[in-house]
Each structure stands twice: as structure tokens, then as C-alpha cells.
Amino acid sequence: MAGIGFELRRILKRDNLSSLIGAYGLASIISSGPWVLSVLGVMLIGIISINLSVPEREIIQFLVSVTYLMAISLTLSGLFQHVFTRWVADRLYEKRKLLILPNLMGVLWFSTLLALACGLPAALFLLPGTSVVYKLLMLANFVVLCNLWPVTIFLSGMKSYTLIVALFAVSYFTAIAASILLAKYGLEGLMGGLLMGHGLLLFSFLFTIIRQYPSDAPMGFDFTRRAQIFPALIATGLLFNAAVWADKFIFWFHPDTSQHVIGTLRASVIYDLPIFLAYLAIIPGMAVFLVRMETDFSEAYDRFYSAVRQGDTLARINSFRDEMVRVARNGIYEICKVQSFTVIILFLWADELLSAIGISTLYLPLFYIDLVSVSMQLILLAIQNVLFYLDARNINVSLCVIFFASNIVLTFLTIELGASFYGYGYAGATLLSSVIGLAMLSRKFDRLEYETFMLQGR
């Protein structure tokens, strides 16, 4: 484990309050900076556009369009995110660094074709009544985003966290500036400004990767070899992203909870705003998650498997295994404590918070349950991360299937039960998946020595 783990450990070695604050502050920026910058960038474009006399209807259409672009591109690119990161890690372990850049280009080629195959029919048939320019900009933004997410995950896998945050900040500043300049063209101008920001971000990432992994080969497709890929990772990437967005799509298209916005795109005013605010509440938990996974757990993991590879004594291997279990348990427990404290504080101040940002307090019941839901999702993410360390691919697929299916079933059920139950479907899905995930993780740790020594050929 390299990159930010070394930096966090270096800060924490000073063993004082300022070092602790510094480590968690850095982890907050790194873990949450990119998506917070993305959300704030898009929201700032909308807020500034109001002051530039862009009609409110077009601003809403812009925000909804971007939400759909993000949701669908994240889900579709999930096909490549985990599996290619694992492929790169394996090639680095084999010291075959020259294969990485050509195969990344191969992934982007596949991603572009898939994005065009899905995006072009959608632009032609699902956006009636919109201009040709808007359709082209939607398609262009979609293709760029489908390529951007695998590249971002690739850089995250290489631990280039600080660079990712810096480039996100520069690129979204560019998007805001370009949107202001093009705001006179209305919806199309805002979409064009966003495309400039996303395009800059993608090519900045690619430039960084090309410098770090030079190669003479223009493109490679070694990652498609059956012996070098893991279908379970493809399924995990797709299903987890689909599960996260499943309840949102149901609320967007259910006639009782949504309204038409543009083309065939719909939105749910009653559901979208509280869940967006609730997601901002996981920033403290994300910081703890990053610190614990990149410092304590990664060190314990490395000690255990190093002892196994080097033929250490069984007593020492068992000792390292017990330490890894303890660190994983304490890490998840600490995430629960910090996130619970955050939720309690927001429960106490939710009324004042919503009033301060001009949102009706009628949203409070849904905001409360959404706070619990996203906190449970963070715990599920921590559990899955530990399982990824342990190479428990099939368990992670099972958790994603449970999360996806339960979110769909429970969301439909709670909509039928009425407005007072909105949000409980998503909460139930995250709770169910997290509880099952903890049980599966505990069983995995109980069988760790057996599987480490006896199942390596499978």
C-alpha cells in the first residue's frame, strides 16, 4: 500500500492532537473532495445562472440532465471500474508496467463504444422536443463521463488522491467559468460549459497517466483474456452502482412521486433534495474510513500475508490474523461511532439547517431517515472494502445483489404505503445488506487460515 497511506502514517507518527486533526482533515479532503466539488460545481453553475437571467425552468432542466448523466454513466462504467483496477494491480505485481497504458486505452475504446451504443439511441428517442445541440451535448457529456469514471478509479487505485482533488477543483472551476460565459445561450450554453470542464478533467487525468506509465504500444486488449479477468468484479461494479441509484429512478418515474422536466426525463422534488443533503453528512465517516483502511488495516493485512508467503510459524500467522480481525472490527466500529455522532448532531440541528438554506421543514422526516440510510451505506462500503482486501469476490457480488433487489422491492412497497414511509425502502435495503455483510465478513475471518492455505488453486 503506497501513496496516501504513507502520508497519513507520517502525519500520525507525531502522535499529538494537531497530527490527528491534520490526518483526518487530509482524509476528508481526499475521500470526499472529488464528489463534493462535483456537486458544488454543478450547483454553483445553477445558482450563478439565476443571477445571469437564465430562466429558472432551464436551470432545473440543466440540473436534472446532469443528474441523469451522472447516474447512468456511473452505473455503466461500473462494468470496468473494479475489474480493470484489479487487472492493473496484478500486472504491477508481475512487474509488467508497460502493459498498463495500452490496456487503459483499450478500456476507454470499449467504454466509448458502449457509451455511444447506449447514448445515441437515448439522445434520438428519449429527448423529444429538445434541440439538436442539446442532444449532441448530452451525448458528448455522457461519453466523456463514461470514460472519466474508470480513469478516476484507476488513479485512485494508484493512490493519486491529492492530484485527483486538485484536478477536480481546477476542472470544475473551468466548467463554472465557461458556463458563465455561455449562459446567454441558455440550457445549451450551460451544458457546453459543463462539457468543457469534464473534457479538461478527462484529458488532465490521461496526461498524468501517460507520464507515469509510458509505453510504445498505442492500444492493448490483454485485459480481455479470460484467465486475467474476474467476472465477479464486473458484476460487483455494475450492481453496486445500480443499487445506489435504484430507489432514485423509482421515485423519478413513479407517477405519484415525480413530474416531467425535459424530454422523457423526470424528477422527484420530494425525494431528491433530502437525499442530496444527507449524502453530505457522510464526509466525517468517509475520513475515518480512509484513515483506518489505509493505515491500520493495510498494515495488519500486509503483516499477515507476508508471514504466510515467507513461511512463518503457525503461531505467528495466527497472531497476525487475530490482529487483522481486531483492526478490521475496530475500524468498522469507529466508523459507526463517528457517523452516529454526526447523525445525532444533524438530528438536533436539522430544523435550523434546513431553514438557513431556505428549505421547507416539511422535508425533515425524510431527511432524518435519509441520514440513517446513507450512514448505513457507508458501513456497507467499509465491509465490502475489507472483503475486497480478502479477495472475497463472490461474497461481494452476493451483497450487491441483496442491496439491489431489496432496494427495488422495499422502495416500491414504501411508495404504496404512502408519503410518511418514503425513504424507508432505501434505509431497509442498506440495513439488511450491512447486517448480512457483517455476518459474511465474520465467517470469512473464521475460515481465513483454511482458505489461505487450502483453496489457492481454485
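All residue numbers in this chain count up from 1 along the given sequence.
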> With distance as the sole test, does Asn141 use its side chain to make a donor-acceptor pair with the main-chain N or O of Leu137 at under 3.5 Å?
Replying inline: yes
> Residues in side-chain contact (heavy atoms from CB on, under 4.5 Å) with Ile176, at least two apart?
Replying inline: Leu44, Ile45, Ile48, Ile180
>> Ignoring hydrogens and geometry beyond distance, is a side-chain donor-acceptor pair present between Asn407 and Thr411 at under 3.5 Å?
In response: yes
>> Once ring-ring contact (aromatic ring centres under 6.0 Å, His included) is applied, do any residues pair with Phe240, and if so which ones, sequence neighbours excluded?
In response: Phe403
> Just by distance, do the side chain of Gln339 and the backbone of Ser375 share a donor-acceptor pair under 3.5 Å?
Replying inline: no
> Tell me the side-chain hydrogen bond (donor to acceptor under 3.5 Å, both in side chains) pairs involving residues 69-79, sequence neighbours left out?
Replying inline: Ser73-Trp149, Ser77-Gln81
> Checking side chain to side chain contact (heavy atoms under 4.5 Å, CB included) for the pair Met105/Leu206: CA distance, chi angles, key distance, verdict?
Replying inline: CA-CA 9 Å; Met105 295 302 154; Leu206 287 175; 4.1 Å; yes
>> Do Leu413 and Tyr424 make a side-chain contact, defined as non-hydrogen atoms from C-beta onward lying under 4.5 Å apart?
In response: no
> Among all residues two or more places apart in sequence or in another chain, which pass the side-chain contact (heavy atoms from CB on, under 4.5 Å) test with Val261?
Replying inline: Ile60, Gln61, Val64, Ala267
> Distance from Met70 atom CE to Leu74 atom CG, nearest 0.5 Å?
Replying inline: 7.5 Å
> Taking C-beta and beyond as the side chain, do Phe388 and Arg86 meet within less than 4.5 Å on heavy atoms?
Replying inline: no
> What is the distance from atom SG of Cys400 to atom CD of Gln384, rounded to the nearest 0.5 Å?
Replying inline: 4.5 Å
> Do you know which two heavy atoms are closest between Leu98 and Pro102, and how far apart they sit?
Replying inline: O-CD, 3.3 Å
> Stepwise, does the salt bridge (Lys or Arg N to Asp or Glu O under 4.0 Å) test hold for Arg91 with Glu94?
Replying inline: CA-CA 5 Å; Arg91 301 296 78 77; Glu94 297 170 354; 2.9 Å; yes
> To the nearest 0.5 Å, how far apart are CG in Leu104 and OH in Tyr213?
Replying inline: 10.5 Å
>> Whether the Trp87 and Asp222 side chains hold a donor-acceptor pair (N or O, under 3.5 Å, no angle test) is what I'd like checked.
In response: no
> Roughly how far, to the nearest 0.5 Å, is OG of Ser433 from CG of Leu380?
Replying inline: 5.5 Å
> Is the Phe249 ring parallel, tilted or perpendicular to the Trp245 ring (thresholds 30°, 60°)?
Replying inline: perpendicular
> Restricting to pairs with a member in residues 111-130, which pass side-chain hydrogen bond (donor to acceptor under 3.5 Å, both in side chains), not counting sequence neighbours?
Replying inline: Ser111-Asn147, Thr112-Asn147
>> The criterion is ring-ring contact (aromatic ring centres under 6.0 Å, His included); which residues satisfy it with Tyr363, sequence neighbours excluded?
In response: none
> Is there a side-chain contact between Thr208 and Leu167 (heavy atoms, below 4.5 Å)?
Replying inline: yes
> Do Ser49 and Glu58 pass the side chain to side chain contact (heavy atoms under 4.5 Å, CB included) test, and can you show the C-alpha distance, the side-chain angles, and the key distance before you say yes or no?
Replying inline: CA-CA 10 Å; Ser49 298; Glu58 293 191 357; over 6 Å; no
> What residues form a ring-ring contact (aromatic ring centres under 6.0 Å, His included) with Tyr271, not counting sequence neighbours?
Replying inline: Phe251
>> Looking at every heavy atom in both Leu194 and Ser179, which two are closest together, and how far apart are they?
In response: N-OG, 3.8 Å
> Are side-chain heavy atoms of Leu277 and Leu354 found at a separation under 4.5 Å?
Replying inline: yes
>> Holding to salt bridge (Lys or Arg N to Asp or Glu O under 4.0 Å), I want the full list of residues that pass it with Arg266, two or more places apart in sequence or in another chain.
In response: none
>> Restricting to side-chain contact (heavy atoms from CB on, under 4.5 Å), what partner residues turn up for Ala232, sequence neighbours left out?
In response: Arg393, Asn394, Val397
>> So for atom CZ, which belongs to Phe347, do other residues, nucleotides or ligands contribute more than 12 heavy atoms lying within a distance under 6.0 Å?
In response: yes
> Of all residues at least two apart in sequence or in a different chain, which pass the side-chain contact (heavy atoms from CB on, under 4.5 Å) check with Leu79?
Replying inline: Leu76, Leu114, Ile234, Leu238
List the atom pairs, with distances to 0.1 Å, where a side-chain N or O of residues 364-373 and a protein N or O form a donor-acceptor pair under 3.5 Å, not counting sequence neighbours.
unit_1: Asp370; atom_1: OD2; unit_2: Ile275; atom_2: N; d: 3.3
unit_1: Ser373; atom_1: OG; unit_2: Ile369; atom_2: O; d: 2.8
unit_1: Ser373; atom_1: OG; unit_2: Ala427; atom_2: N; d: 3.4

> At their closest point, which heavy atom of Ser65 faces which heavy atom of Met138, and how far apart are they?
Replying inline: CB-SD, 3.7 Å
> What class does the angle between the rings of Tyr172 and His198 fall in, given that below 30° is parallel, 30 to 60° is tilted and above 60° is perpendicular?
Replying inline: perpendicular
>> Once you measure the plane-to-plane angle for Tyr389 and Phe297, does it fall in the parallel (<30°), tilted (30-60°) or perpendicular (>60°) bin?
In response: perpendicular
>> Please give me the minimum heavy-atom distance between Cys118 and Phe142, naming the atom from each residue.
In response: CB-CE2, 4.5 Å
> Among all residues two or more places apart in sequence or in another chain, which pass the ring-ring contact (aromatic ring centres under 6.0 Å, His included) test with Tyr134?
Replying inline: none
>> Could you report the tightest heavy-atom contact between Gly193 and Ala178, atom names first, then the distance?
In response: CA-CB, 3.7 Å
>> A side-chain contact here means heavy atoms from C-beta on lying under 4.5 Å apart; do Arg57 and Ile262 qualify?
In response: no
>> Please give me the minimum heavy-atom distance between Ala429 and Leu410, naming the atom from each residue.
In response: N-CD1, 3.7 Å
> Given Tyr422, which of Thr414, Asp247, Thr257 fulfils the side-chain contact (heavy atoms from CB on, under 4.5 Å) condition?
Replying inline: Thr257
